[in-house]
Amino acid sequence: MFEDAMAAMLQQVAAACMQAKELIGPILESAEGVKADMVGRGWSEANAERVATSYVQAMLKTALGGSS
């Protein structure tokens, strides 16, 4: 019985991870594009990274139902 409950919980965790990956993946890819564009326009890596990080935070907050 314990093994069945543990297997069910592991399945739920795996499903939640897959859903999170589907949500977060495109946001992270887009942020990398924003960062690359900014660096290409002469921004420093550090500043472009800060902007991309803020972008990811705002997008995740919006995606999870918060306001930006």
Side-chain angles (χ1 to χ4, degrees):
M1 181 170 339
F2 175 76
E3 290 84 14
D4 292 340
M6 183 61 84
M9 283 193 286
L10 289 173
Q11 218 170 16
Q12 289 176 337
V13 168
C17 288
M18 291 301 293
Q19 288 176 341
K21 180 183 174 192
E22 290 173 8
L23 171 72
I24 295 170
I27 293 171
L28 295 177
E29 289 174 13
S30 180
E32 284 297 318
V34 168
K35 179 182 170 186
D37 183 59
M38 293 178 74
V39 169
R41 293 173 185 256
W43 288 58
S44 71
E45 279 281 331
N47 286 335
E49 183 70 31
R50 284 188 199 101
V51 171
T53 299
S54 295
Y55 171 80
V56 168
Q57 291 170 342
M59 292 300 292
L60 287 175
K61 185 175 181 180
T62 300
L64 298 174
S67 58
S68 51

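All heavy atoms count here, side chains included; hydrogens, waters and symmetry mates do not. These numbers were taken from a predicted model, which means no experiment stands behind them.
- With sequence neighbours excluded, the residues forming a side-chain contact (heavy atoms from CB on, under 4.5 Å) with M6 are F2, M9, L10, listed by chain and number.
- Taken to the nearest 0.5 Å, the CD1 atom of I27 stands 12.0 Å off from the CD atom of Q57.
- Two residues are said to be in side-chain contact when any heavy atoms from C-beta on lie closer than 4.5 Å; I24 and V56 fail this criterion.
- Between A31 and A52, the shortest heavy-atom contact is O-CB, 3.8 Å.
- For the atom pair CG of L60 and CG of L28, the computed distance is 7.0 Å after rounding to the nearest 0.5 Å.
- A pairwise comparison of heavy atoms in V39 and S44 identifies CG2-O, 4.4 Å as the closest pair.
- A donor-acceptor pair is defined here as one N or O able to donate and one able to accept, closer than 3.5 Å; such a pair exists between the side chain of S54 and the backbone of R50.
- Looking at T53 and E49, their side chains come closer than 4.5 Å, going by heavy atoms from C-beta outward.
- Residues meeting the side chain to side chain donor-acceptor pair (under 3.5 Å) test with E45, sequence neighbours left out: K35.
- Residue W43 belongs to a hydrophobic cluster whose other members are V34, M38, V51, with links defined by side-chain heavy atoms closer than 4.5 Å.
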